[in-house]
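Below: the structure, in structure tokens.
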Amino acid sequence: MIRRALTTASTALLCLGTAACAVGPDYHRPSAPVPSAYKELQGWKTSQPKDTVERGPWWSVFQDPTLDALERQVDISNQNLEAAAAAYLQASAVAREAGAALFPSVGLGLSGTRQGGAGNATAGTGGSTAPRNSYELQGNVGWDLDIWGRIRRQKESAVASAQASAADLAGARLSAQANLAIDYFELRAADQLQKLLDETVDGYKKSLTITQNQYTVGVVSRLDVITAQTQLDTAESEDVNVGVQRASLEHAIAVLIGKAPGDFSLPAGTLAAAVPDVPVTMPSALLERRPDIASAERQMAAANAEIGVEEAGYFPDISLSGLLGYVNNAFAKLATTPNRVWSVGADASANLFNGGATKGAVSAAEAAYDGSVANYRQTVLTAFQGVEDQLATLRILAQQATVQDQAVKDSTQAANIALNQYRAGISVYTAVVTAQATQLASEQTALTLQQQRLTASVILIEDLGGGWSSDELPDSGDAIDGKATHR
């Protein structure tokens with residue numbers, strides 16, 4: 001791990017020659033493992049890579065006004081976003097504080113004392129003197145010259161940390177929006193399941209009526225009636241149970257938009273029938289599209305600057321100071337020329353020996369930087385894994401949905417045939433029960449597949465950054481001022 005190309009002595013001479021410099025390595029973003037293409041897009045024509053992603057709310061691709069209205073409330077009322085925004089403002093304030101150390105500090109003080117006693121006695125005064133007043137007014141200036149760039153590196157690190165916090169805020173926003181969309185589609189799937197079970201219960205009631213009529217005329221045994229009644233009771237139980245999941249999802253959505261669950265309700269609706277075609281950027285663009293990658297990259301920059309902060313400990317700290325003031329026994333005549341006092345000075349201090357503490361601090365900073373590089377590269381790899389996972393999920397689920405749609409048609413036809421045959425007296429009721437159970441299971445599977453495909457679309461959009469770009473990160477000035485974005 002070789003980082004230093006200049007020795008301490010040569011660096012010192014260079015800095016003295018140029019009057020001011022910043023020790024430590026200048027930041028250059030390390031390379032990251034980026035594939036040339038997404039493997040899961042090869043041979044799959046429904047989603048081709050695009051160099052740009054259309055700006056605007058990403059959830060608009062689902063064309064659901066209710067979802068749109070809910071998503072717009074996340075940025076206003078979500079408390080996790082409020083916390084992330086506060087963390088960013090805190091990081092901005094730290095950067096502002098670090099930058100302030102580059103400027104001189106100016107102070108002003110006013111003091112007064114009253115003194116008397118035997119210690120001030122003179123001959124013939126009886127051993128003591130009358131109390132005396134003394135007033136002092138002075139202003140002072142101090143300035144750390146930052147010859148070696150310690151303060152500038154501290155500011156650089158603090159600014160990069162604030163930018164990382166801004167990226168974390170963007171990531172928290174995207175995560176909340178994605179979680180809301182996922183919960184919303186799960187809730188709509190519950191609504192759809194409720195509707196399916198309602199229709200199933202109605203169908204089973206008709207089947208029960210048929211068995212009762214058949215039993216009345218003596219065509220079938222009591223067992224068929226009991227079997228039909230059991231089938232109906234089971235379906236009704238499932239129908240009621242759907243309410244548990246729906247209530248939990250409704251409560252989760254309420255919290256995501258910053259409302260108490262008791263104050264929020266969402267009318268029943270239908271699950272989207274179409275799965276949108278999510279535009280996919282080129283793999284190289286992902287480094288600029290994901291807030292978590294941007295945050296990891298800014299954390300690297302902050303860690304890199306910290307190396308310079310610690311390396312400055314090898315060199316003397318040089319500062320200037322000045323004082324101008326007035327001292328007098330009478331306050332009314334304090335600020336006059338005869339009472340003026342002043343001083344100017346320079347100070348240099350350096351550690352000649354500290355048992356290797358500075359070297360240890362530099363090594364620790366270098367190790368922290370190496371760790372941030374590894375974290376950055378792992379974040380990039382995980383991002384590509386997420387995209388590939390969801391591309392594969394969408395591709396495979398689309399194929400399964402095609403097959404499952406046919407299974408629903410076949411099972412529906414089989415259930416109708418079985419019931420007609422039973423009504424005609426040429427089939428036993430167990431055949432009807434089996435066919436109807438298969439039909440219900442097929443329809444439930446198809447519904448689950450649709451919900452899974454919509455969820456995978458949401459996660460893919462999130463993995464692609466949701467249309468966010470690192471261009472939206474605040475620049476140095478905006479980060480210090482606490483502005484959230486820079487365009």
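Being a predicted model, the structure only gives us computed values, none of them experimental.
- Looking at Asn78, its side chain does come within 3.5 Å of a backbone N or O of Leu256 through a donor-acceptor pair.
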**OP:** Could you go through the side chain to side chain contact (heavy atoms under 4.5 Å, CB included) check for Ser31 and Arg377 one step at a time?
**Re:** CA-CA 8 Å; Ser31 62; Arg377 289 172 173 161; 3.6 Å; yes

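- Once rounded to the nearest 0.5 Å, the distance linking CD1 of Ile182 with CD1 of Ile253 reads 11.5 Å.
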Subject >> side chain to side chain donor-acceptor pair (under 3.5 Å) evaluation trace for Asp292 with Thr379 >> reply: CA-CA 7 Å; Asp292 58 341; Thr379 302; 5.8 Å; no

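- At a cut-off of 3.5 Å, with distance as the only test, no side-chain donor of Glu288 or Ser469 sits close to an acceptor on the other residue.
- Checking Ser207 against Gln436 by side-chain atom types alone, a donor-acceptor pair falls below 3.5 Å.
- Taking CG from Leu196 and OG1 from Thr200, the interatomic distance works out to 4.5 Å, rounded to the nearest 0.5 Å.
- The backbone N or O of Val201 lies less than 3.5 Å from no partner atom in the side chain of Glu236, so there is not a single donor-acceptor pair.
- Ion pairing of Glu156 with Arg152 is absent here, as no side-chain N (NZ or NE/NH1/NH2) approaches a carboxylate O to less than 4.0 Å.
- No donor-acceptor distance shorter than 3.5 angstrom exists from the side chain of Arg289 to the backbone of Gly466, with no hydrogens or angles considered.
- Minimum heavy-atom separation, Asp478 to Tyr88: O-OH, 3.6 Å.
- Taking all atoms of both residues into account, the shortest heavy-atom contact from Val408 to Ala446 is CG2-CB, 3.9 Å.
- A pairwise comparison of heavy atoms in Asp191 and Pro267 identifies OD2-O, 4.3 Å as the closest pair.
- Between the Ser60 side chain and the Pro57 main chain, a donor and an acceptor come within less than 3.5 Å of each other.
- Gln390 contributes no side-chain N or O that, together with a main-chain N or O of Glu388, makes up a donor-acceptor pair within less than 3.5 Å.
- You'll find the side chain of Ser442 reaches within 4.5 Å of the side chain of Gln404, heavy atoms only.
- Looking at heavy atoms from C-beta onward, Ser161 lies out of side-chain contact with Arg298 at the 4.5 angstrom threshold.
- Within 6.0 Å of CD on Gln63 lie no more than 12 heavy atoms contributed by other residues, nucleotides or ligands.
- Panel note: side chain Gln192, backbone Thr270; no donor-acceptor pair is recorded below 3.5 Å.
- With salt bridges taken as basic N to acidic carboxylate O contacts below 4.0 Å, none links Arg29 and Glu297.
- The shortest side-chain heavy-atom distance between Asn304 and Pro25 falls under the 4.5 Å cut-off.
- Among all heavy-atom pairs drawn from Ile257 and Ser77, the shortest one is O-CB, 2.9 Å.
- Using a 4.5 Å cut-off on side-chain heavy atoms (C-beta onward), Gln452 and Thr455 make no contact.
- Gln299 and Ser372 share no donor-acceptor pair across their side chains, judged by distance under 3.5 Å alone.
- For the atom pair Leu70 CG and Gln177 CD, the distance stands at 12.0 Å (nearest 0.5 Å).
- Under the side chain to side chain contact (heavy atoms under 4.5 Å, CB included) rule, Glu71 has a single partner from Trp58, Phe62, Tyr184, which is Trp58.
- Proximity of Pro33 to Leu381: side-chain heavy atoms (C-beta onward) are separated by under 4.5 Å at one or more points.
- Side-chain contact between Asn140 and Ser321 is absent, with no heavy atoms from C-beta onward closer than 4.5 Å.
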**OP:** Might you work through the side chain to side chain contact (heavy atoms under 4.5 Å, CB included) test for Thr358 and Phe315, ending with a clear yes or no?
**Re:** CA-CA 10 Å; Thr358 301; Phe315 307 103; over 6 Å; no

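- Between the Asp317 side chain and the Ala350 main chain, no donor and acceptor come within less than 3.5 Å of each other.
- The neighbour count for Glu199 CD, taken as heavy atoms of other residues, nucleotides or ligands under 6.0 Å away, is above 12.
- Contact check for Ile307 versus Arg153: no side-chain heavy atoms found under the 4.5 Å cut-off.
- With hydrogens and angles disregarded, no donor-acceptor distance shorter than 3.5 Å links the side chain of Gln154 to the backbone of Val309.
- A salt bridge links Arg150 with Asp144; the closest basic N to acidic carboxylate O contact falls under 4.0 Å.
- With Asn354 contributing its side chain and Ala357 its backbone, the two residues share a donor-acceptor pair below 3.5 Å.
- With respect to Arg188 and Asp64, no salt bridge is recorded, no charged nitrogen being found less than 4.0 Å from a carboxylate O.
- Side-chain contact check for Val61 versus Val278: every heavy-atom pair is 4.5 Å or farther apart.
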Original post:
Under the side chain to side chain contact (heavy atoms under 4.5 Å, CB included) criterion, do Lys155 and Ile480 qualify, and how do the steps go?
Top reply: CA-CA 10 Å; Lys155 177 184 176 183; Ile480 290 176; 3.6 Å; yes

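- Looking only at distances, no side-chain donor or acceptor of Ser175 sits under 3.5 Å from a matching main-chain atom of Ala172.
- Between the CG atom in Leu287 and the OG1 atom in Thr281 there is a gap of 9.5 Å [rounded to 0.5 Å].
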Subject >> Verdict with reasoning, Val280 to Leu464, per side chain to side chain contact (heavy atoms under 4.5 Å, CB included) >> reply: CA-CA 7 Å; Val280 181; Leu464 291 170; 4.2 Å; yes

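- Summarising the geometry, atom CZ belonging to Phe384 is positioned 14.0 Å from atom NZ belonging to Lys39; distances are rounded to the nearest 0.5 Å.
- When every heavy atom of Leu454 is checked against every heavy atom of Ala272, the shortest pair comes out as CD1-O, 3.8 Å.
- Under the 4.0 Å criterion applied to side-chain N and carboxylate O atoms, Arg72 and Asp68 are assigned as salt-bridge partners.
- The distance from the CD atom of Glu310 to the NZ atom of Lys359 is 15.0 Å, given to the nearest 0.5 Å.
- When every heavy atom of Pro104 is checked against every heavy atom of Val141, the shortest pair comes out as CB-CG1, 4.1 Å.
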